[in-house]
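Naming: A, B, ... by sequence-line order, numbering from 1 per chain. Just the heavy atoms: all of them, side chains too, but no hydrogens, waters or symmetry mates, feed the values below. Not measured: the values here are computed from a predicted model.
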There are 2 protein chains.
Amino acid sequence: MNKPRKTVKIKDIAIELGVSNSLVSKVISGNLGTTKVRPDLQEKILKRAKELDFRPNPLSSALKRGRFGAIGLIVHPIGVPGSELFNKLLIGMSKSLNQHGLRLWLQFYEDSKQFMEFCNQEIYRSVDGLIVAGSAQSETRSLIENLHKEGLPVITSFHHDPASGIANIVYNAYLQGKLATAHLIEKGCKRPAFFCIRRDDDLRQQGYLDAMKEANLPVDPSLLLEGMGSGIDYRFLAGRTVITKALDNGLQFDGIVAQSDQQAIGAINVLRERNISVPNQVRVIGTDDSPTCTASTIQLSSVTAELQEVGGRLVNSLVQYIDGKKPESQLITPTVIERESSR
Amino acid sequence: MNKPRKTVKIKDIAIELGVSNSLVSKVISGNLGTTKVRPDLQEKILKRAKELDFRPNPLSSALKRGRFGAIGLIVHPIGVPGSELFNKLLIGMSKSLNQHGLRLWLQFYEDSKQFMEFCNQEIYRSVDGLIVAGSAQSETRSLIENLHKEGLPVITSFHHDPASGIANIVYNAYLQGKLATAHLIEKGCKRPAFFCIRRDDDLRQQGYLDAMKEANLPVDPSLLLEGMGSGIDYRFLAGRTVITKALDNGLQFDGIVAQSDQQAIGAINVLRERNISVPNQVRVIGTDDSPTCTASTIQLSSVTAELQEVGGRLVNSLVQYIDGKKPESQLITPTVIERESSR
DNA sequence: CTGAAAGCGCTTACAG
DNA sequence: CTGAAAGCGCTTACAG
């Protein structure tokens, strides 16, 4: 066993100055209540506390107040590897947490089993609120709803099927698709292709379709490129495969809206190998504005995911929630970052 | 204010079963001490606790025991953006933390000012130990040493100038350089070039030099490629710039050891544009084994940084430290991952 | 074999 | 204007 670090306590100061614990506590916390301290005494206490570098033991305060001073973050692995989406989320949260003097308890989960373990650990009894981010599986969703019903303030960051009655804060994936497509159209594209993922409620695809409609451009179904294996694949090779197939099929297109930056780079590589000029013949835009965009021969345009902003708002809303103000769901608007590939 | 969630307490169980708080506490925690409970009573208590899904309030236990049940992680942003090094570190830590039932308090710092703020917040008084990772600036180093002297268990993960008297756990950068170089030599390279960074104590460069020596290969100083702007630059463009210059200077080389995967990919792109075949004419190996390696037309060989392993060991050592066992510094051995670019 | 009691360090309603 | 006292929920040395 380690000897406990010795720290200054309220009692130490009280004894030294010949006043009561109560008074020291009140003066230092600033919660005077009905108490009216003599100004000189107050000053003396504050001065001594500062000299001794006193800090209340957060455990004791929390125990007394019934607060923990900490929030939990449970994340399903998010973003393409290399996208830095998760890092951005954390940084955004971290800043906001510091402002509120809160601490973060972090937990990863890879599947609903792990999530259940979390719920069965005491961890969630050690936080004032919870943020759950990543993709929601139906089992985890009901677990979250249970925690919420038990009175734990919970906020999620899900794109699909958010838990019912729980505020959900995410970037606007629909607008990502729409803005990216509108950007290419604005640059002169008439037949931008779109990299589909295999799910029927793909928000970005909706955005693509609406952008086309608003520009009065017909949507040739063959512009909706599929074939990225079974399931969702945001990686490099998916971009290669899909665009290779499209070219081999003789598809005519003058733009590509990709659902990740890696897909976009994969596609660009194929185009270059076949001497198709980017951006002159085909303009390309990715998604996420990840480091990949500038880590390539041709600088890739992209639409942001604003994860840092999302992180900050998640924390702020949760803090308000803990203080009793029921939060609203929010959709954060992405931005198009124009670079060489769509100029 | 939020109504506090109501939870089951020891007292509730005690009253219900007509026994004392003490007994319930002892039975549940398993710390019987001199106490010898009647087996049937013990069973009754455990059964009821389980039914009620009782979990001790960690705050109270911690307060009583003088432990916090949490450790702090302060990180300087690490790794090239997109390298996922930080994520790997976190995942490694997270797993180990869960095993020990510990929680993580996360804090980023970008400069020593922020680090000082951290030290001035009460946060470090709410953890049983601290892990500091990233690059050490001299000011932060002395702050860390101070925390350590005050009795806070601290472990660092620094590559250069670790704080004195504090255990330091990192991957072996020297071996990264050496193993990567040896790999290329084994594949037949006689004149592998090395991407230098501008610091006189570059461990990877030492590794490169030693690998060459052990293979009895002469080191032509012009193989040590500099010119990546002022300071360290691990990014894509640095690789392009350096290798372009080398080729323009007519340098003869048959391999490249890069200090990041992005640098390597940048270099490969230049080589391909000039119709120099990778790996036939030039074998290339990167560093970090980041997602970039497989997100490229040619799959990039790389040498790992083992951050997940580092993360796990940091936590394990810190836990031991908290329990009174002074930890040792450790160097984690990296592994070469062979892919297309050096085959 | 079991429980009463003190205590971890703070906070706050209440009494003086 | 200030302090004694109770209490947050648990733990443990000690008494019975």
Length of the line joining B/L23:CG and D/dG16:P, which is rounded to integer Å: 19 Å
Nearest-nucleotide comparison on DNA chain D, the residue closer to the 5′ end among A/N21 and A/R38: A/R38
A/S25 vs C/dT11: side-chain N/O to OP1/OP2 distance below 4.0 Å: yes
A/L63 CG - C/dG7 P separation (whole Å): 17 Å
Length of the line joining B/K11:NZ and D/dT11:C1', which is rounded to integer Å: 16 Å
Shortest non-hydrogen separation from B/K95 to B/Q308 and the atoms involved: NZ-NE2, 3.4 Å
5' priority, DNA chain C, between B/S60 and B/G18 [closest heavy atom]: B/G18
Atom-pair distance (NZ on B/K64; P on D/dA13), nearest Å: 9 Å
D/dG3: pairing nucleotide in any strand, Watson-Crick or G-U under 3.5 angstrom: C/dC14
Short side-chain N/O contact from B/R65 to OP1 or OP2 of D/dC10, under 4.0 Å: no
Proximity to the side chain of A/K9 - top-ranked nucleotide from C/dT11, D/dT12, C/dG9: C/dG9
Interatomic distance, B/I28 CD1 vs D/dC10 P [rounded to whole Å]: 9 Å
B/E309 versus B/I332, closest heavy-atom pair with distance: CG-CG2, 3.7 Å
Minimum-distance nucleotide (side-chain atoms of B/S22 versus D/dG3, D/dT11, D/dT12): D/dT12
No-hydrogen, no-angle side-chain donor-acceptor test under 3.5 Å, B/S96 and B/N316: yes
B/I15 CD1 - C/dA4 P separation (whole Å): 12 Å
B/S20 vs C/dG3: side-chain N/O to OP1/OP2 distance below 4.0 Å: yes
Donor-acceptor pair between A/N168 and A/S329 side chains, under 3.5 angstrom: no
Nucleotide C/dC10, atom P - distance to CG of B/N57 in whole Å: 17 Å
B/V170 and B/L331, any side-chain heavy atoms less than 4.5 Å apart: yes
Nearest-angstrom distance from the residue atom CG of A/L41 to P of D/dG3: 7 Å
